[in-house]
Amino acid sequence: MSDDSAQQELSALLHEARRFEPPADLAAQANAQPSLYQKANADPVAFWEGAARRLTWAEPWSKALEWELPYSRWFVGGKLNVAVNCVDRHVDAGLGDRVAFYWEGEPGDTRTITYADLKADVCRAANALVELGVQTGTKVAIYMPMIPETVVAMLACARLGAPHTVVFGGFSADALKGRILDCDARYVITADGGYRRGAPSALKPAVDEALEGCPDVAKVLVVRRTGQDVGWTAGRDVWWHDVVGRQPAEHAAESFDAENPLYIMYTSGTTAKPKGILHTSGGYLTHVSATHHYIFDIKPEKDIFWTAADIGWVTGHSYIVYGPLANATTSLMYEGTPDTPKRDRWWDMIERYKVTILYTAPTTIRTFMKWGEDLPAGHDLSSLRLLGSVGEPINPEAWMWYRTHIGGDRCPIVDTWWQTETGGILITPLPGITATKPGAGMTPFPGISADVVRQDGSSVGNDEGGYLVIREPWPGMLRGIWGDDERYRSTYWSRFDGMYFAGDGAKRDEDGDIWLLGRVDDVMNVSGHRISTTEVEHAIVGHPSVAEAAVVGANDPTTGQAIVAFVTIKSSVEDADEGGELVTDLRNHVAKEIGPIAKPRQILLTPELPKTRSGKIMRRLLRDVAEQRELGDVTTLLDPTVVTAIRDRLSTGVGVEEE
Ligand code: WTA
């Protein structure tokens, strides 16, 4: 978000006077009672040790925390198996018949998977992976639709101590290839495809294309989901049902060190190359299970919990798979899009499954707002008791709409701030304690030392904005960027001495509560997905007709931010472009390089980009243009007329394509 628009939004936020107290019955029964804050403040590490004791350890830790900035090690010497904690121990405790997942495919097919079923499935999959040669430490890439086998594949890897990297199914073959190569994955688990928008959407062809450039991948395990035709490489490709289906449903799990890698999740930073964020086992599972328990107030014997996110993002890892399963929760999992077959699909499912807790993203809520409140009003949503939001700042209108039309004015909303890097939630209201304010992230979770600081690292006062930092290590924090120690230090630990810098702007209001204000770096947040401006620029400049490109994130009423690209084409091709074909071509090119989520909303072809005298592209001005604001300071520009020319061109619509 640009400074100007942040300022405008801020002044509106500061006048937010509405408060929503927790419902009395929820407060009385809540997992998190006010003493939790006092306990955690008094001794944060002891608080996290208490949270770790909620898990089952094969060997206790000897030291809770070793902190050598910027690397932390939690529960040192402790041993556990993450999959056993998520599955086996619940079956051993007599909960084998409890449903782990009610799963619904987009076409309407359903599966009910108990903890006993899940245990058998994970054991079979683990045995199959061993047969195929996977060992502790072998990296496995997972490129899947939202089907139960995706969870099973992740847990089977965890069971073997084989780190997984799940690549979102909407990413392109190139993006998949880059991730496989970066973390040296030797196995890929995929499916023929999945259902989206009423039709099968293929995944296997992207794997085949990606693997042309990945000679070290030994095997591809393919789940049959849609039954569509797939290309087949003999000796490399194997069907999941063939090899997993014939395995025994028992597998003796080994215990691993608390710091054994669990997964690598790629996320965009400020350069073109995604960062492989490394998470380990004991601290991560402690963090996600504790936050899930307290923030969502989970009562596993009766709640039906639904994180409506894709498993390919960190939200799916932490709050579909690891957190909920560690807490023996019953979850709903849905394969497809919210408008298939009709736009009330979610409300229909909430009614049918009697979902009690819904966790989703502001962009989705704003889409539902556009579709109208009649759709949720046509369903019985009275089972809901708690709502959550994640992924981007939620504007007070969307927050109020969510509360009124989905939550029936009775459900508390937890707006949860966190990142791929943080592993789990760090800033949030607690549903039985906090009087919430529409749009505010409110308070650091107990045991988390989040702060808002000025340029010089000093804490801001109330009613003052600054940068969001975390002052002390926490158990779910990343353990580095895969293979790039230097980037880890420079990205997160160099801006403020001794503090983790999240890359977000924030503000303390007059009561000292925290408001999140979006990214302060060159990372865009489009529908809750992080995409770097540089990554998109890189893709565009890779097109043979392009000379130069500048990409900015412009405010967008539905997606939060939208990608706007300013592109200079090579003079040799300038005359040849008829009727905006190039613009279409460029958008498709970006989809191919990164994935359809990174397609620019608008591409403006311009003869020149605004630059400073030292040749730096003035993205700030381009953002002003993209958001149709008064232009900021242009005095440092080499040629101030360039930017006005671009603005005029944009306002006449020349070279613009919008969806
Ligand atoms: C943004 C998603 C405001 C933020 C879990 C952060 C939020 C980035 C919120 C991380 C929120 C996430 N309010 N902003 N409740 N939640 N963000 O890694 O800019 O995909 O840095 O993790 O999303 O996105 P990521």
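As the structure lists them, so they are numbered: ligands from 1, and atoms in each ligand from 1. We number each residue from 1, following the sequence as shown.
The neighbour count for D456 CG, taken as heavy atoms of other residues, nucleotides or ligands under 6.0 Å away, is above 12.
Protein heavy atom closest to atom 13 (N) of ligand 1, with residue, atom name and distance, is E392 O, 3.3 Å. Protein heavy atom in closest approach to atom 2 (C) of ligand 1: W418 O, 4.0 Å.
Every atom of ligand 1 with a heavy atom of T416 under 4.0 Å away is listed here by number and element: 9 (C), 11 (C), 15 (N), 16 (N). Under a 4.0 Å criterion applied to the non-hydrogen atoms of V390, ligand 1 contributes the atoms 5 (C). Interface atoms of ligand 1 facing N525, defined by a heavy-atom separation under 4.0 Å, are 1 (C), 23 (O). For ligand 1, the atoms closer than 4.0 angstrom to any heavy atom of T315 are 5 (C). When each atom of ligand 1 is checked for a heavy atom of L516 under 4.0 Å away, the hits are 3 (C), 13 (N).
Taking the centre of each ring, F368 and H405 stay at or above the 6.0 Å mark.
The side chain of R530, and not its backbone, has at least one atom closer than 4.0 Å to an atom of ligand 1 (non-hydrogen atoms only; side chain from C-beta on).
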Exercise for the section: Show your working on ring pair (Phe, Tyr, Trp, His ring centres under 6.0 Å) between Y263 and Y284 and close with a plain yes or no. Expected result: CA-CA 10 Å; Y263 68 81; Y284 172 80; 5.2 Å; yes

Exercise for the section: Tell me, with the steps shown, if L386 and T356 meet side chain to side chain contact (heavy atoms under 4.5 Å, CB included). Expected result: CA-CA 7 Å; L386 180 61; T356 58; over 6 Å; no

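Remark: among candidates T428, D504, L468, the nearest residue to atom 19 (O) of ligand 1 is D504, based on non-hydrogen atoms.
A side chain to side chain contact (heavy atoms under 4.5 Å, CB included) with V390 holds for exactly one of T360, V314, T428, T416; it is T416.
Using the six-membered ring where Trp is involved, Y488 and Y71 have ring planes that are tilted, between 30° and 60° apart.
Cation-pi geometry between R179 and F171 is satisfied (NZ or CZ under 6.0 Å from the ring centre, within 45° of the ring normal).
Close to ligand 1: W417, with a non-hydrogen atom less than 4.0 angstrom away. Distances shorter than 4.0 angstrom occur between a heavy atom of G391 and an atom of ligand 1.
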